[in-house]
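Notes for the one structure printed next.
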Amino acid sequence: MCKIIAVANQKGGIGKTNLTLNLGVGIANTGKNVLVIDSDPQGSLTNNLGFKAVELTNTLATIYN
């Protein structure tokens, strides 16, 4: 069964990225498959997961185009 959890708020600096990262890692540690999507132009979640956003060829922008 698939569940979707969305973390969203217009206000900056309230911990959305940190919450998303920790929630994703916590769920993955239980053996479940997790997909996190970083739609923030700064790419902080991507960087925190160990990827360099500037080196990625497939991004949310390229997928939309």
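Heavy-atom basis, side chains included; hydrogens, waters and symmetry copies ignored. Remember, predicted model here, so these are calculated numbers, not experimental data.
The hydrophobic cluster containing I27 does not contain I4, counting ILVMFWY residues as joined when their side-chain heavy atoms lie under 4.5 angstrom apart, directly or transitively. Note: the hydrophobic cluster containing I5 also contains L21 (ILVMFWY, side chain heavy atoms under 4.5 Å, direct or indirect links).
Applying the side chain to side chain donor-acceptor pair (under 3.5 Å) rule to pairs touching residues 23-45 yields D38-T46, sequence neighbours excluded.
Applying the 4.5 Å side-chain rule to ILVMFWY residues, one finds L19 in the same cluster as V7.
When every heavy atom of K16 is checked against every heavy atom of K11, the shortest pair comes out as NZ-O, 2.7 Å.
Here the CG atom belonging to L45 is positioned 6.0 Å from the OG1 atom belonging to T17, to the nearest 0.5 angstrom.
Not counting sequence neighbours, N47 has no partner by the side-chain hydrogen bond (donor to acceptor under 3.5 Å, both in side chains) test.
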